[in-house]
Amino acid sequence: MDVRSLGYVVIESTEPKKWLEYGRDILGLMPATTMPDDGNVYLRMDERPFRFAIVKGERDRLRCCGWELRDQGDFDAALTQFAEAGVAVTVADDSTAKARRVKGLASLQDPSGNGIEVYWGAELDYARFVSPLGIRGFETGFNGDMGFGHAVLPASRLAETHTFYKELMGFGDSDYMHFKFSPDPDDKGQGLHFMHVNNPRHHSLALYEDQENSLGCVHLMVEVHEVDEVGYCLDRVEAAGIPVVSSLGRHTNDHMLSFYMATPTGFAMEFGTGGLKMEWDNFTPTVTSLPSLWGHKFAMPE
Ligand SMILES: [Fe+2]
């Protein structure tokens, strides 16, 4: 499978309006102009009609990640591969695909239960992106082909889930880290796989070994072009009283200069700049023992 990018996320929220305010007033995302007025919240960051869909629901959680395929041939081949692997897939009807602004759409779950959508034929609306906060742009590549950023998802079955993305969905390994938070010799710690798809972003997905995560997400990341925009956002976050989950720092593996904040759903949002752009043909996956060169002091809100 040749997954091209992480195109969008769908977030289930008991109060989508909170995401409208947070996305617009803190992140600087643009409320979508070409999406239907259906009670859901759609947020844009580039020429894609939306990157964040926040749908009204019973729970607050990340519902799924949307992974982009190149064309109908790749989409049909993916459906065959999922079927051969015994993975249950629901192919969406035309109206559901249309609601996502794509030609073809299917949904499934990874072995840890994270929601996945695969799609092809994404529309560009070319409606001018105007950040309500004057952000010049977000780093998403040409026509958005680097995807909106990255997602770190909980994986209760880490090894199986890693194999699923690697062997079945064709993701590549970028880096691996292992965390151990206690001195207990019986504590095996937690693994964290960083994975890339077929674009230069260092990782579009990371899988974190986590048995208990009802939110369906550890964090999402969006990237801006300029370091000052990270600083301005940090000021907005502090002024709004939003918990800073991690202080400013620079990551070792993707060189992202970023901080992390709480979102209305409870998982974190990483807001950064300067992430590496890789050429995968010459890349060898690494194992990293330290998450950050400096900074990134984590303090989870109670
Ligand atoms: Fe991240």
Side-chain angles (χ1 to χ4, degrees), residues 5-9 11 22-23 26-27 29 45 51-52 62 65-67 112 114 138-141 146-155 158 161-162 165 171-179 181 190-197 199-210 213 215-225 227 229-231 233-234 237 242-263 265-278 285-301:
S5 70
L6 173 54
Y8 58 79
V9 283
I11 295 163
Y22 168 74
I26 303 296
L27 301 180
L29 302 175
M45 63 198 315
R51 291 297 200 172
F52 291 78
L62 181 69
C65 289
W67 296 99
S112 292
N114 297 302
F138 288 84
E139 187 60 80
T140 64
M146 277 174 56
F148 80 83
H150 67 232
V152 180
L153 303 181
L158 183 69
T161 308
H162 174 242
Y165 283 102
F171 289 32
D173 283 321
S174 299
D175 191 35
Y176 177 78
M177 283 189 211
H178 193 84
F179 292 95
F181 296 106
Q190 278 88 34
L192 179 58
H193 288 281
F194 296 85
M195 307 185 82
H196 60 271
V197 292
N199 73 63
R201 198 183 289 286
H202 178 274
H203 54 276
S204 293
L205 174 71
L207 298 170
Y208 181 62
E209 196 167 8
D210 191 351
N213 184 320
L215 304 175
C217 181
V218 180
H219 75 255
L220 302 175
M221 189 283 301
V222 296
E223 183 176 1
V224 286
H225 297 307
V227 68
E229 293 297 353
V230 178
C233 184
L234 186 52
V237 166
I242 292 170
V244 174
V245 179
S246 164
S247 64
L248 198 63
R250 189 178 297 273
H251 278 304
T252 46
N253 66 15
D254 65 354
H255 291 195
M256 190 73 72
L257 177 75
S258 61
F259 73 97
Y260 294 63
M261 71 192 97
T263 65
T265 300
F267 55 72
M269 180 70 73
E270 179 180 8
F271 195 95
T273 192
L276 286 177
K277 294 185 180 64
M278 313 300 292
T286 51
V287 175
T288 299
S289 56
L290 193 68
S292 302
L293 296 168
W294 55 267
H296 285 146
K297 303 287 184 273
F298 277 83
M300 290 304 289

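This is a predicted model, so every value here is computed, not measured. Indexing begins at 1, ligand by ligand and atom by atom, following the structure's order.
- Two rings, from F267 and H219, have their centers 6.0 Å or more apart.
- Ion pairing of R201 with E139 is absent here, as no side-chain N (NZ or NE/NH1/NH2) approaches a carboxylate O to less than 4.0 Å.
- The distance between the ring centers of W67 and Y8 does not fall below 6.0 angstrom.
- Coordination check, H150 versus the Fe ion (ligand 1): passed, since an N/O/S atom of the residue sits under 2.8 Å.
- A heavy-atom distance below 4.5 Å is found between the side chains of M177 and F194.
- Taking the Fe ion (ligand 1) as reference, the nearest N/O/S atom within E270 carries the name OE1.
- Among the atoms of H219, an N, O or S atom is found under 2.8 Å from the Fe ion (ligand 1).
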